[in-house]
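Here is the structure we will look at, set down as structure tokens.
First the proteins, then the strands, lettered A, B, ... as listed; each starts at 1.
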Protein chains: 2
Amino acid sequence: MAAQRGQRNGVGGDTPPAPTAAEVTTPIPRVAEVPAARERARAIPEAAVARLAVYLRVLSAMQEQGAGTVSSEELATAAGVNSAKLRKDLSYIGSYGTRGVGYEVAVLIEEIERILGLTRKHSVAVVGIGNLGHALANYGGFPGRGFPVSALFDVDPDLVGVPVGGLPVDHIDDISRVCAEREVSIGVIATPPPAAQTVCDRLVEAGVQCILNFAPVVLQVPDHVEVRKVDLAVELQVLSFHVARRADDAAATNGQQVNGMVVS
Amino acid sequence: MAAQRGQRNGVGGDTPPAPTAAEVTTPIPRVAEVPAARERARAIPEAAVARLAVYLRVLSAMQEQGAGTVSSEELATAAGVNSAKLRKDLSYIGSYGTRGVGYEVAVLIEEIERILGLTRKHSVAVVGIGNLGHALANYGGFPGRGFPVSALFDVDPDLVGVPVGGLPVDHIDDISRVCAEREVSIGVIATPPPAAQTVCDRLVEAGVQCILNFAPVVLQVPDHVEVRKVDLAVELQVLSFHVARRADDAAATNGQQVNGMVVS
DNA sequence: GGTTGTGAAACTCTTCACAGCG
DNA sequence: CGCTGTGAAGAGTTTCACAACC
């Protein structure tokens with residue numbers, strides 16, 4: 001149990017690409033060509049995948065405002081990246097633009113959704129109905145459709161049966177059965193740190209292959225399970241680092257340091 | 001207003017390193033040396049900074065269990081990275097290990113805290129006291145000390161004055177005054193998407209230089225402001241991508257595709 | 001003229017592998 | 001002998017810049 005692998009940290013903006021990518025690729029040497037759609041998808045860099053999700057959101061907003069086409073420049077600006085990167089990212093999923101014109105918003109939306117697997121519904125289970133769990137459950141049908149929250153779990157017997165965001169909480173011991181019944185494909189861990197690994201093991205046992213982990217714990221999972229984590233402490237500490245760097249810079253630039261202490 | 005820059009996404013594990021790093025570094029061609037502590041700090045890769053925060057957490061746990069020293073191998077395993085990466089990361093902050101022995105837990109904790117700027121308190125303001133804002137406010141003094149939540153804001157007049165997590169909510173119009181008074185250094189945006197940019201602008205106006213953004217919006221900020229974002233939709237969609245890839249793989253491996261459709 | 005798509009260069013981050021030191 | 005610290009190689013990502021095309 002518990003293969004030792006990197007865990008992509010979602011928030012915080014770093015890209016701990018982790019030893020995945022190429023490795024995960026089929027162990028077969030693969031003679032030469034045969035990109036075959038599936039192969040092409042596998043070749044998309046993790047970093048680009050995350051950005052595609054952002055483009056998708058921006059495109060949806062544009063579509064709502066009636067936009068028919070966008071140039072890479074416009075879309076890039078709206079998404080906060082430069083246009084070269086955007087075009088490169090889009091090139092990973094195919095050539096859907098028209099030179100001299102731009103991209104059709106509708107086409108791009110469709111293609112990105114297809115690549116991200118959003119044409120299929122992904123049932124989400126939230127484990128740990130504390131403050132955060134409550135908040136997540138109440139998103140009720142997570143970000144923009146496609147991710148219905150269809151199961152809630154907690155250890156606390158007092159919570160079992162209580163509806164949160166319209167869905168009654170189940171006991172964690174039923175996780176395997178319930179996840180199977182409701183075809184949960186994504187598990188969200190919002191438990192206290194000590195419970196996280198156990199919950200994770202149970203989710204994996206229940207057949208869940210993708211986990212979003214909010215607990216400040218490094219989860220050990222088998223190779224076939226994908227984990228992403230959201231770590232508030234890390235986020236804040238990275239920001240803290242930048243505050244510190246800034247303070248140092250300021251001290252170095254205008255004034256000078258006084259025995260290592262910045263004069264205010 | 002609103003410089004166009006990348007936004008490090010925290011959660012989700014990608015590293016959209018953004019065009020920062022080297023760029024942000026002093027525009028001076030820099031003749032040769034002069035690392036001068038401050039310079040050294042600036043040279044730490046973003047990705048490494050995020051991992052240092054993880055190491056710190058693991059080290060603290062080890063210290064609680066009475067560990068005096070750790071080897072890079074042990075620490076790396078506990079942190080979910082390989083030992084070479086760990087040693088490289090630690091080398092960015094200095095040489096605090098003993099060859100043949102390992103690292104002193106206490107020393108490492110101290111040094112990492114220093115580099116991350118955790119010796120100083122960073123007051124946090126949470127804006128948007130909805131589901132998520134509530135959850136965040138109730139963390140009460142965020143992750144492991146050092147990040148006291150000292151201000152809460154919302155537009156809803158009915159919420160103003162109501163204590164959440166022991167702290168009364170202030171009206172968003174007072175953001176500038178309150179942030180100044182309480183020396184807020186980190187702003188957390190937990191508002192609905194349409195309000196995020198405005199709130200961000202106000203925070204910046206109030207002098208806040210670091211922002212953690214939970215709203216699914218690409219914020220435009222001046223160069224001197226650091227933004228990290230936590231984007232649930234992106235996280236889920238990246239996981240969805242992996243589910244899809246997995247499904248394709250399975251179809252390719254055991255069965256075969258039927259006109260591009262996976263046979264279930 | 002305008003804009004895409006993409007090789008190739010540049011850069012950043014990770015991994016290797018081993019010298020150096022306790 | 002064991003483990004750290006690190007130069008160098010490798011992998012992944014971003015940026016450049018321009019040919020191809022509408």
For the residue pair B:His242 and A:Glu46, confirm or rule out a side-chain donor-acceptor distance under 3.5 Å.
-> yes
Return each pair, listed once, that meets salt bridge (charged side-chain N to carboxylate O under 4.0 Å, His left out) where at least one residue sits in residues 55-67 of chain B; pairs must be two or more places apart or across chains.
-> A:Asp231-B:Arg57
Can you sort out the partners of A:Thr191 under side-chain hydrogen bond (donor to acceptor under 3.5 Å, both in side chains), two or more places apart, ordered by chain and number?
-> none
Taken in chain and number order and not counting sequence neighbours, the residues that satisfy salt bridge (Lys or Arg N to Asp or Glu O under 4.0 Å) with A:Glu111 are A:Arg114
Kindly write out the residues that satisfy salt bridge (Lys or Arg N to Asp or Glu O under 4.0 Å) with A:Arg87, not counting sequence neighbours, or none if the list is empty.
-> none
Residue list, side-chain hydrogen bond (donor to acceptor under 3.5 Å, both in side chains) with A:Glu113, at least two apart or on another chain | none
To the nearest Å, how far apart are B:Arg51 CZ and C:dT14 C1'?
-> 8 Å
Whole-Å gap separating C1' (D:dT14) and CD1 (A:Ile44) = 17 Å
Any chance you could list the contact pattern along nucleotides 2-8 of chain C? Use B for base contacts, S for sugar-phosphate-only contacts and - for none, protein heavy atoms under 4.0 Å, 5' to 3'.
-> BBBBBBB
d(CG, B:Asn82; C1', C:dA17) in whole Å | 13 Å
Between CG of B:Leu86 and C1' of C:dT15 the distance, given in whole Å, is 14 Å
Spacing of B:Glu74 atom CD relative to D:dG2 atom P, expressed in whole Å | 15 Å
